[in-house]
Structures are given as C-alpha cells and as structure tokens.
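Notes for the one structure printed next.
From a predicted model like this one, the values you see are computed outputs, not experimental measurements. Numbering of ligands and ligand atoms starts at 1, following listing order. FYI, the numbering just counts along the sequence from 1.
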Amino acid sequence: METLNNPNPSSGDDAEIVSRRIQRLSLHLNPIPCPLPDADRPIGMAACARAKLEVDTGKLSGYMRGPHRDVQEKVFEYFESRPELQTPLEISKNDHRELCWRQLVGLVREAGIKPFRYVADDPAKYFAILEAVGSVDMSLGIKMGVQYRISLLYANMLCLNWFFPCICVCSLWGGSVINLGTQKHKDKYFDGIDNLYYPGCFAMTELHHGSNVQALQTAATFDPITDEFIINTPNDGAIKWWIGNAAVHGKFATVFARLMLPTHDSKAVSDMGVHAFIVPIRHLETHETLPGIEIHDCGQKVGLNGVDNGALRFNSVRIPRDNLLNRFGDVSRDGKYSSSLPTVNKRFAATLGELVGGRVGLAYSSVAVLKLAGTIAIRYSLLRQQFGPPRKPEVSILDYQSHQHKLMPMLASTYAFHFATSYLVEKYAEMKRTHDEQLVGDVHALSAGLKAYVTSYTARSLNVCRESCGGHGYAAVNRFGTLRNDHDIFQTFEGDNTVLLQQVAGDLLKRYQEKFQGGPLTVTWNYLRESMNSYLSQPNPVTARWESEDHLRDPKFQLDAFRYRTSRLLQSVAVRLRKHTKTLGGFGAWNRCLNHLLTLAESHIETVILAKFIEAVQKYYLYQTFYCPDPSARSALKLVCDLYALNRIWNDIGTYRNVDYVAPNKAKAIHKLAEYLSFQVRNIARELVDAFDLPDNVTKAPIAMQSEAYSQYTNYVGF
Ligand SMILES: Cc1cc2nc3c(=O)[nH]c(=O)nc-3n(C[C@H](O)[C@H](O)[C@H](O)COP(=O)(O)OP(=O)(O)OC[C@H]3O[C@@H](n4cnc5c(N)ncnc54)[C@H](O)[C@@H]3O)c2cc1C
C-alpha cells in the first residue's frame, strides 16, 4: 500500500518515512460513523475512514505539560484555598484594583511564590507562573508583569530603502532595574521589588507617542552643579500615559526620557537619546505623591480594570545621578557620556538579548487564554444538543459540520501555538544563558512575530468561541466577555501587532539581502536558503496534481507549500520595494507595499509554527528522544498537525491556485481532507481539551464543568 499510494519519488526522505510510520499508528482506530458519503472521501482514506482514535489523555497531557507544572498547581491551590481572593463577576474598578493588589501580595508573601527571582535565572518558570496567575485573573497576570516583567517596545525608523526596525528597548519596573541597571541598582532595589515593598511602574508611553518611542519628549537634563538629573514634561503631549501601577500603587517609576547633557557650544545641551531613569513618585511610608509630580487616573478601561493605569507629569523633578539605569550608557560626575560596549550594534544586540521577555510572555499567555476559551467552547459544544434526524435523539452541536469548521481548526491552532511558544521560551532561556548573538536576533524576530500572530488569532477566536456557545456564551459567568475584554489589548501593548509584523518583514528582507551577499542564516530562517534556490522555480505541473491522502498528509508537502508561499512573497516584495523606492523613496515604497509585507510576515510565522509542530510530532521517531512516547498521543498530534497545515493551505488556496502550485483537483482534495480531518479531530476533541489539564476551578465557567454542567449552571442562577 505504501508504494502504491505514495506518489512522491523522494521516498527515502526522513520526513516521509515518519509520515508513513505515523499512518501505521492508525491501528489505534475504532469504528464510528463518517459523515461523508464514500464518493466524497478523500482518496486513500479508505483504511481509516470509519475510525476514531483512542487517545490516552493522561499521556498526551504528560507530553504537553511543561517542567513547571508543580508551581502552577501551587498557584491554583493557593487561590482555591483563599476564596476571598477570587475575583467576583461584578466588581467596581476601585475594588478590583485593591483585590488585584491583595492577590499579588498574597501570592508573594503568603504563598511564597516569588516570580522576580526567576526573571533572570529561570525564565521558563517565570512564564509558567505568569500563565497560571493569568488564568486566575488576567488583571493579576498583567499587574504581576508590570511589577516584575521584562519587556520591549519599539520605535520605527525608515532607513535607506528598507524599513529597519529601530528598537527602543525597555523593561517593566523590576525587569528594567535588573536588566538596564547595574549592581548598585540591584543591591538597592532587588529585595524591595521582590517582596512588593517597592511597587513600581514602567513609564515609557506618552500622550502623543506610543509605538514611536524615538519621538518621546520627556527630558532628563543633567545638572553638574548638584550632580542630579532634572526630569521634566515639556508639554501636554509628553505626559506619560497608560502607566500601569501609577494611578494607585506605584512608589517608583522607570521613566524613559531624553538624556540632555550640557555643552559649551551655542546649543547649551546635547541630546543623547532616550534613556531610563528611576524616579520615586510616592513617599515610601505615607504614600503621598512627591513634590513636582502630578498623577491622574486613566479611568475605566474596556478590560483589565484590576490594573491601575495612570498619567504622570513631571515638573522639574530632581533625582540623583545614580538613578540613571546605566548598564549600557553612563554619565560621569563631570557630565561626560560613556558606554561599556564598544559599538552601537553591540550595545543594541546586548540590550535586545536581555529584554525580549515581555513579548515571549504575552505570546505564551495568549495561548493559555486560547486553551481556556477553547476548553469552555468545546466542552459545552459536546454537551449541547440541538435538532437531529427525524425520530432520533438530538445531536451534539459539535456534530454539525459548521461547528466543527468553527472550532476544530482553532483547536489544531492551539496545539500548534503551544509547541511554537514552548520552543520560543526554550530559545529565550538558551539566549539568556549563552548570549549568542545570532540567537538574540532570532529570538527577537520570532518573539515579535509570534506575539503578533498568536494574540491576533486569539482575539478573533474569542468571538468565535462566544458565538459557538449561543446565548449561554453571553452569560458573564461563562467568561467569554471578560476573556475577550481583558485579552484584547494584548494586540497593542508590548508592541502594536501591525508594527511588530513589519519588524518581522524587515528582518526577513535583511536576511534575504544578506543571503545574496553570502551571509549566515540562523536556524529559524535556514529554510530561506533552500527555498530561494529551489522553490522559486516554476511549480511542478505533475506534483501540482497529486491528491492522495498520503501525499497531502506528508509533512514534506505541507512544509514545502508553506515555504514556497513565503519565498514567493519575499522575493516579490523585494522587487516591488526596489522599484517603488526609485520614485517614492524608502518610506513611500514601504507604505506602498505595506499589506504585502504584513502578509509576508504572517506567512513566515505560520511556516515556523508548522515546522515546530511537525518537529514535536516527529522528534520521537527521528531522534529517539522519547519526547512523546505514547503512540496514541502521537497519532492524535499527527492528526491535529495535519488539520492545522491543510486548513492554512486551504485558507490561502487562491494564492496557490494563482501560480498553479495546486491544480483544481488537488485544491478540491485539500478542502475535502481538511473537512474530514476536522471531523476526525471532533471525535477526540474531549481528549484534546482534557489534555490541556485545566481543572474546573480554573475554567470556572459552569457550562464547561466536566460533570453536571447544566445543574451547576442552574445552581449559579439560584435554582
Ligand atoms: C491597558 C494598557 C496598559 C498599558 N501599560 C503601559 C505601561 O505600563 N507603560 C507604558 O509605557 N505603556 C503602556 N501602555 C501603552 C502601550 O504600550 C501603547 O498603547 C502601545 O505601545 C501602542 O501605542 P499607541 O497606543 O500610541 O498606538 P499608536 O502607535 O498610535 O498606534 C495606533 C494605530 O496606528 C497603527 N500604526 C502605528 N504606527 C504604524 C506604522 N508604522 N505602520 C502601520 N500602522 C501603524 C497601529 O497599528 C494602531 O492601529 C499601555 C496601554 C494600555 C491600553
């Protein structure tokens, strides 16, 4: 059967061997009815057409679970044991802020879970805590992030004929002190931040400037007579805005301001660019706002109302010279500027390496939100029955093809994102350990792309989940409203998604240019080398017609298709940019090609996600590393991975058809198979969401309870 059904001439390929071995695992199949008439089934599907996978949820869950499940359970147990710390459904902004603060204090001082120490030493553990805390209340996750996390915001600059991301790097309060400061700052502030005696803010954004950090106007002018910096807000546009922890709890702020040094020429001062300074904003004991500082509340938000965002104005506030976070640039007693790193590029790379964690955390937490929402929607869709064949019992709404179409590719994407963001966390930790320059660049671009892609996907999916639960999805107790409102801003902070995707596109173009100059390509981008040489030739008219299931489920075909698309987009946008730059200049050309560039970035990120998913399924076979030792779990993952791949190819089928990469018969076969795989995934949907390992006290929505959901729901309203 293998030889007959295998249309691929390169049968010795590792990926193909794996694919066929995985097909053999279909022995774990049990009969169940297939909704497709025989004629509609994809070719080659006969063997497993009427079969359901048996999945060992415990083993699948064991594979999915990270190494820090114990600390996550500690978080869940702590909040379970303290019902008064659980966020009620109806709560005012002010009460929510106070509760959120008490939750954080309880976690740190009572439960003894101190995230700050892991920011530098064990980032994977920090992200695991963040994930667990965010599922208790997303406001709490963000509040914790403001206090401790490492983050990175961007400014944009147009340079020559490429769009080069110019990164202004910074950290939220705790992260900024340990990453941008030096030992003296660590000695002075670490314990206070760790124990929450020094709550602080990260004050970068201004009223007039968010994404464009280079244009910030707050000034820090050095006064050599008093050995101080004078922090000043020159106009209303420079008021710091949206600053988390500022409205109520913060005692310090890391303020981003232009460093101005006195000169002896006619200009009188020299602008050294944006630097970070520690500015006390409230009295440590009395909590009074300090002189020269004006603080206002940004008010009620669409979500995340447990976080107290405020606006800050500085009226010539004096701080000691020591408060400059001076790891990458310092000012001496006599007002001279110096840096520990010899070149701008080295300073840039070192800073980046320290500070990409915020985005890694957001991408990772966004997957956690998607798991939660998917679990609620799918458990309810299995329970809920509406209509059915005449004189037969009603069927579960998840048996409707349309419902499968809404939720199963989403479930597959959740698995895909799980592996991609776990990989990102792994690479981030490695980067922190090794400070490898190539890895720094890789993690930087990957974190930007995954943060943008995953958070946008999750935001869209939250609406789909709400709608797929009908009216009961609209009850606040079933959580979609809060999840949607709280998560929505993930698309904007830590770098606006549209801006971040441009960074990815800029990075791809840079590497494309380097490739032609013989430069190196890092691991994640390695495929471009091959793709530029082989994929850009005319599509093969023979393979364009192959339509067997074996072929369509072959990881090589799937990855090739993704890589082909990215390569074409990259090559064509490079040509367009070159052409338009002649008449429009760099900025105009970039803007003329902007949608093209965003599509390129998304295509690349989808490719990386697929590659990581395929690796997660294959590792066992290829390297014998026993990553996923259970055959049933591997079969389930292979099925889900195929659905992710084919669903994405089908979503973009117009592109593939336009260039005849896929012939009409193959396009039809892809569509049929994607629908059929959705049906197959539906049959193990319960096991797949159970493997996320979210207990009822975390999902909380009555309609998603693992038993007696309806009665828990009626109890909730008082019956
Ligand atoms: C709840 C919340 C908490 C926050 N917490 C903090 C905090 O603690 N500290 C802090 O410093 N900041 C904080 N921020 C600010 C946040 O980081 C900024 O909102 C974010 O950086 C985006 O900036 P902006 O709002 O000025 O949007 P803008 O940059 O003005 O963007 C507005 C729109 O224009 C588009 N756009 C902008 N530039 C481009 C471009 N080059 N190409 C194409 N489209 C473009 C964007 O896609 C977006 O749709 C917070 C914001 C919120 C809402």
Nitrogen or oxygen atoms of Thr492 and ligand 1 under 3.5 Å apart: no
Thr205 and ligand 1 - part of the residue with a heavy-atom distance under 4.0 Å: both
Six-ring centre of Phe252, Arg282 cation under 6.0 angstrom, axis tolerance 45°: no
Ligand-residue contact atoms, ligand 1 with Met204, heavy atoms, under 4.0 Å: 11 (O)
Per-atom contacts, ligand 1 versus Gly244 - under 4.0 Å to a heavy atom: 7 (C), 8 (O)
Test: Arg511 and Asp507 ion pair at under 4.0 Å: yes
Within-shell test, Gln502 vs ligand 1, heavy atom, strictly < 4.0 Å: yes
Listed partners of Asn235 passing side chain to side chain contact (heavy atoms under 4.5 Å, CB included), at least two apart: Gln217, Ala238
Glu494 N/O under 3.5 Å from ligand 1 N/O: no
Contact with ligand 1 for Ile243, non-hydrogen, under 4.0 angstrom: yes
Proximal atoms of ligand 1 relative to Val499 (non-hydrogen, under 4.0 Å): 38 (N), 39 (C)
Heavy-atom pair with the smallest gap, counting every atom of Tyr364 and Ala128: CE2-N, 4.3 Å
Check: Gly200 main-chain N/O paired with Asn245 side-chain donor or acceptor under 3.5 Å: yes
Nearest option to atom 49 (O) of ligand 1, as decided by whichever heavy atom of Leu216, Leu597, Leu172, Asp496 sits closest: Asp496
Nearest neighbour of atom 2 (C) of ligand 1 from the list Phe493, Phe256, Phe490, on a heavy-atom basis: Phe493
CA sep, side-chain torsions, deciding dist, call: Asn497, Thr492, side-chain hydrogen bond (donor to acceptor under 3.5 Å, both in side chains): CA-CA 6 Å; Asn497 283 357; Thr492 302; over 6 Å; no
Pairs touching residues 190-202 that satisfy salt bridge (charged side-chain N to carboxylate O under 4.0 Å, His left out), sequence neighbours left out: Arg117-Asp194
Ligand-residue contact atoms, ligand 1 with Asn309, heavy atoms, under 4.0 Å: 3 (C), 4 (C), 5 (N)
Side chains of His283 and Lys251, donor plus acceptor under 3.5 Å: no
Nitrogen or oxygen of Trp242 less than 3.5 angstrom from that of ligand 1: yes
